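Bear in mind that the values here come from a model prediction, so they are computed numbers and not experimental data. A, B, ... follow the sequence lines: proteins, then strands. Residue 1 opens every chain.
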Amino acid sequence: MKIATWNINGVKARIENLVAWLKECDPDVACLQELKSIDEGVPRERLEELGYHVETHGQKGFNGVAILSKKTPDEVNRGLPGDDGDEQSRFIEAVFSTEKGVVRICCLYLPNGNPVDSEKYPYKLRWMERLQRFAEDRLALEEPLVLAGDYNVIPEPVDCHDPKVWEGDALFLPQTRAAFRKLENLGFTDALRSVNDKAETYTFWDYQAGAWQKNNGIRIDHLMLSPEAASRLKSAYVEPHVRAWEKPSDHVPVIVELDV
DNA sequence: ATGGTGGTCGAACCA
């Protein structure tokens, strides 16, 4: 099973790129972030005519996540548990039956957290605590589980072109990285890191100041695997060429192939 | 040191 995550930065602005990429990559499941649209604004017919089932958790103007899948999910849940007052659409979960059993896939858009001295950074840390509790609960199921999405976390200095630039940024602060490590310490595997420890492997390049041309990127889009998923990992890779397309997202897709 | 870009939505916010 081919599972992808991609922050598309606006589903309406990116629909042609999204359709072209789905045709080229042909993933079984695609986790999308930053729809920047309400559910009714998602051009779902364009996706359905490619054979995808479409589950969205949208929001006007900001955030918004979706799971596209060739098979219809058995179960879908919207919103990250732990705060009923959280209005931001950043999480959707789907469960699929497979020949070998079941696979559970969560699509998440973790808060950016900047500026650090605003209420946004504590919101990010609280969100990461909620994700940690959710992950603990789901681990007990002992299923192949993928937590895929835009984490807005640079895990290590090697995951950015110039670590000095990111000192003090919400994506790279020690507290942010520690919260991400807690997820790894629970037993989750950073899929891409586990197969590729090469430097200069990035998933995001800013639109500004020629970041793409200079390969001034960061690795912030991750697929975290439960032990049952990690033992079935066949490959993990980034698709940087998509960043060079016309009217690109500032993020590119990241893929894992699992034997599930 | 500053400004550099892009999406959404129609001024300002988010990244």
Original post:
Quick one: does A:K124's side chain have a donor or acceptor within less than 3.5 Å of a partner on A:A170's backbone?
Top reply: yes

Original post:
Using 4.0 Å as the upper bound for N to carboxylate O, is an ion pair formed by A:R177 and A:E156?
Top reply: yes

**OP:** Kindly state whether the ring of A:W21 and the ring of A:W245 have centres lying under 6.0 angstrom apart.
**Re:** no

Subject >> Whole-Å P distance, B:dC14 and B:dG10 >> reply: 15 Å

**OP:** Take the protein atom CZ of A:R90 and the nucleotide atom C1' of B:dA15, then report the distance between them rounded to whole Å.
**Re:** 10 Å

Original post:
In whole Å, what separates the C1' atom of B:dG4 from that of B:dA15?
Top reply: 14 Å

**OP:** Examine A:F134 together with A:F91 and report whether their ring centres are nearer than 6.0 Å.
**Re:** yes

Subject >> Nearest to side-chain heavy atoms of A:K60, which nucleotide of B:dG10, B:dC13, B:dG6 >> reply: B:dG10

Subject >> Given DNA chain B, 5'-ward residue of the pair A:K247 and A:Q88, judged by closest heavy atom >> reply: A:K247

Original post:
Please give, in whole Å, the distance from B:dC14 P to A:Y207 OH?
Top reply: 18 Å

Original post:
Between B:dC13 atom P and A:Y123 atom OH, what is the distance in whole Å?
Top reply: 18 Å

Subject >> Candidates B:dA15, B:dG7, B:dG10 - which lies nearest the side chain of A:Y109 >> reply: B:dA15

Original post:
How close or far is atom P of B:dA12 from atom CZ of A:F62, stated in whole angstroms?
Top reply: 13 Å

Original post:
For B:dA15, does OP1 or OP2 lie under 4.0 Å from any side-chain N or O of A:K36?
Top reply: no

Subject >> For B:dT2, the Watson-Crick or wobble counterpart (both distances under 3.5 Å) >> reply: none

Subject >> B:dT8: pairing nucleotide in any strand, Watson-Crick or G-U under 3.5 angstrom >> reply: B:dA12

**OP:** Among the candidates B:dT8, B:dA15, B:dT5, find the nucleotide nearest to the side-chain atoms of A:N112.
**Re:** B:dA15

**OP:** Report yes or no: do A:S89 and A:N63 form a side-chain donor-acceptor pair below 3.5 Å?
**Re:** no

Original post:
Mapping A:F204 and A:Q59 onto DNA chain B by nearest heavy atom, which one lands closer to the 5' end?
Top reply: A:Q59

**OP:** Would you indicate which nucleotide in B:dG4, B:dG7, B:dA15 comes nearest to any side-chain atom of A:Q208?
**Re:** B:dG4

